[in-house]
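All heavy atoms count here, side chains included; hydrogens, waters and symmetry mates do not. In what follows, chains carry the letters A, B, and so on, assigned in the order in which the sequence lines appear, proteins first and then strands, with residues in each chain numbered from 1.
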Amino acid sequence: MHPALQGLLTIIIGVGGCVGYFYFSNQVLDRVIFPAKGPQAGRNINRANMVRPWLFLFPAIFALGLYLAYPVFETLRLSVTDRDAGGAFVGLANYSQMFGEAKFWEALRNNMLWLLIVPAASTAFGLLAAQLTDRIGWGNLAKSLIFMPMAISFVGAAVIWKLVYDTRPVDQDQIGVLNAIYLALGGSDPLTWLTVPFWNNFFLMIVLIWIQTGFAMVILSAALRGIPEETVEAAIVDGANPFQIFFKIKVPQIMGTIVVVWTTITLVVLKVFDIVFAMTNGQWETQVLANYMYDKLFRSFDWGVGSASAMIIMLLVTPILVWNVRNARKEMR
Amino acid sequence: MDNIAGSKAGLSWAVHISVALLVFLWLFPTVGLFVSSFRTADQIATSGWWKAMFPSEQNQTIRAASPETQIEQNGMFVIEGNLFENGSGAEISVWGISSRAIDAFTPGETAELRRGGTITVQADGAYRMENAEAFEGTRGQRVFVTAKTPPEFTLGNYDTVLGKDVARNMIIYAIAAAVFFFVLRFLFRGHDSTLAGIIPGAGAVILLILLALVFGLSSGAVEGAQTTDDMAGAFFSTLTVTIPATIIPIVIAAFAAYALAWMDFPGRALLIAAVVALLVVPLQLALIPLLKLHLGVGIGKGYLGIWLAHTGFGLPLAIYLLRNYMVGLPRDIIECAKVDGATDFQIFVRIILPLSFPALASFAIFQFLWTWNDLLVAKVFLIDATGETTVMTNAIVELLGTRGGNWEILATAAFVSIAVPLVVFFAMQKYLVRGLLAGSVK
């Protein structure tokens with residue numbers, strides 16, 4: 001069958017199935033199991049209303065449990081077993097094997113670099129862009145242009161930036177902007193930017209910063225608009241200059257939002273895979289954890305070590321997870 | 001707001017200039033890709049794309065017409081023609097007939113051919129070959145020219161990547177869809193509701209997709225895309241992955257969000273906390289266990305698998321966004337409906353769902369962008385060893401590996417893959433921003 005037809009059929013079956021499930025399960029509940037008539041009508045209605053939430057929730061809980069909760073525990077189990085030995089329990093052998101690999105430490109170090117730089121730079125640029133564009137007439141246009149990279153896939157962004165970093169032999173015209181600028185500024189030889197160890201990490205990070213700045217800008221801009229005007233006016237009356245207003249009046253008031261933006265970008269950084277995969281594939285000392293894990297799982301087929309490195313990513317995410325849950329609970333009260 | 005106390009003109013200028021600089025920096029790389037996709041391979045390889053607007057000096061190797069076209073004039077065998085296509089406007093500065101001396105002659109000079117005869121090349125590319133005996137061989141004489149060519153843009157790359165004329169047709173359909181959009185908006189101008197706002201946009205997009213499906217891409221498929229890397233096929237696969245993977249989670253999440261927002265039952269707070277927790281679980285953890293599961297129950301790698309996977313991974317955000325939105329709906333409406341005897345199912349379908357349209361739209365955009373742009377999930381759950389089903393992101397990564405130097409193919413393919421999300425992005429930006437704000441700032 002043609003995949004497009006198959007897709008159409010899936011939409012019909014999927015959507016129809018869901019709606020049908022919800023409709024008929026409600027019907028069955030109200031008419032068959034606990035009918036709202038007869039001597040026990042009142043009790044039946046109450047019972048039906050106790051069951052109904054679970055009818056509404058069942059598909060979601062089932063999918064969430066199967067596709068997100070179960071894998072966490074299964075990965076934990078895989079990380080302490082050995083696939084070659086028929087899934088025998090091997091304790092922390094996978095972890096110690098992983099800790100013995102130089103590539104793992106390189107990935108961890110790079111991930112830490114990414115974690116330090118990308119959220120900070122994106123938030124800073126986003127804040128700058130938000131503050132500047134809020135004050136000018138064509139700010140909305142500027143905003144959507146800066147926001148645009150959000151729609152571009154990491155792979156597309158990788159191609160875009162590979163063109164920027166492109167290198168041609170010294171006797172030819174450079175087609176990469178970076179080398180053209182570098183030579184125009186008096187550099188002697190064109191550099192292959194992505195193969196210069198250590199610094200190439202930064203050239204990869206620029207791609208993610210470029211993408212995430214728009215996100216930071218949109219959210220921070222909304223927060224900046226929410227600042228009560230009186231506070232700003234009072235500061236002006238007191239003779240504060242624009243920089244003081246920005247750093248001492250506005251930024252402290254949107255600190256909560258800045259933290260949210262920061263953590264959201266941190267989560268993206270922890271999972272960054274496509275950019276590294278498409279641009280260097282972890283060569284020239286640019287490995288990151290997600291790509292290291294992919295390498296282990298699908299190139300070396302070493303599920304034990306792969307799962308162990310996935311658990312490391314989970315471990316790094318956990319503080320944010322706990323913090324998010326605590327915040328959500330606080331809000332609900 | 002600072003202006004209240006009288007703004008300084010200098011500072012205002014500084015703001016304008018720095019925003020312009022920022023926008024320029026952010027736009028520059030994308031424009032590079034866009035411009036490159038309209039240039040020929042030679043142009044891309046010999047000059048930076050930012051010079052595309054200006055004439056460039058290029059070295060080219062061109063073949064003169066083959067000896068079959070020779071004619072006899074006054075006892076001489078003559079081949080005449082122009083090295084360039086008509087009206088290219090290129091101007092030759094030097095030329096040669098051997099790869100070791102490509103600058104041996106200036107325009108108007110005559111060169112002796114090694115196999116007998118002479119050739120004269122003019123500055124505008126017109127040439128005349130003469131020989132006392134007939135020219136032999138099947139292929140034309142090679143001429144090496146260094147010419148100043150005026151800026152030239154071509155849709156040729158799109159023909160190569162998508163199939164012949166597909167890009168041209170798509171542009172025509174886009175214009176048709178735009179006209180349709182304005183007509184619909186004109187028709188709906190009296191109705192002032194979100195629905196009236198969305199119908200023209202949705203109608204135009206659907207028309208565009210239908211037209212493209214029926215005429216645009218099918219013509220490419222018939223003619224056969226000229227690259228072995230079939231981008232038109234990948235485009236279809238991506239669409240096939242994306243649409244069900246966007247719609248199904250919305251339906252499931254909407255019901256769950258309603259239960260979490262408006263139904264009272266023990267364990268509700270715990271469930272909400274669980275959704276928030278699952279929001280940040282890295283999907284990397286899910287790869288192996290789920291692949292094992294899919295292989296175990298016989299789904300294997302394929303469309304069904306990736307639809308299910310995307311549904312699972314998209315659910316936490318969907319539930320979270322929709323619940324946050326639904327909680328904010330006025331309680332009175334729901335209670336009135338309950339008093340009037342509506343069941344929960346009716347309340348949900350008749351009241352909550354229509355009112356939640358903005359939240360549904362913003363999640364739909366997120367999920368669409370995310371599934372369209374995804375590489376990892378597709379690599380794990382969709383693409384099998386045969387490689388018959390591939391998505392655009394993966395096709396591009398493979399191009400990067402095998403044809404890293406073919407910028408014309410790469411740039412065009414990449415631009416095709418980012419064009420769709422960009423259209424969605426610019427058309428529905430309002431909902432995207434709203435969703436972002438609901439999702440992170442509460």
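Put simply, the side chain of A/N324 never gets that close to the backbone of B/V280: no donor and acceptor are under 3.5 Å apart. A/T75 contributes a side-chain N or O that, together with a main-chain N or O of B/L285, makes up a donor-acceptor pair within less than 3.5 Å.
Looking at A/P53, the atoms closer than 4.5 Å to chain B (heavy atoms on both sides) sit in the backbone and in the side chain alike. Contact annotation for A/F273: only side-chain heavy atoms (C-beta onward) come within less than 4.5 Å of a heavy atom of chain B. The parts of A/L163 that come within reach of chain B are both its backbone and its side chain, each placing non-hydrogen atoms under 4.5 angstrom from that chain. When heavy atoms are compared at a cutoff of 4.5 Å, A/L78 approaches chain B solely by way of its side chain, counted from C-beta outward. When heavy atoms are compared at a cutoff of 4.5 Å, A/M148 approaches chain B by way of both its backbone and its side chain. Heavy atoms closer than 4.5 Å to chain B are found in the side chain of A/F277, but not in its backbone. With a threshold of 4.5 angstrom between heavy atoms, A/W210 approaches chain B through its backbone and through its side chain.
Listed by first and then second residue, the salt bridge (charged side-chain N to carboxylate O under 4.0 Å, His left out) pairs that reach into residues 136-160 of chain A are A/D134-A/K143, sequence neighbours excluded.
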Name each donor-acceptor pair under 3.5 Å that joins a side chain in residues 60-74 of chain A to protein atoms two or more places apart or in another chain, with its distance.
residue	atom	partner	partner atom	Å
A/Y67	OH	B/H294	NE2	2.8
A/E74	OE1	A/R77	NE	3.4
A/E74	OE2	A/R77	NH2	3.1
A/E74	OE2	B/K292	NZ	3.0

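The side-chain heavy atoms of A/I152 and B/N373, taken from C-beta on, include no pair separated by under 4.5 Å.
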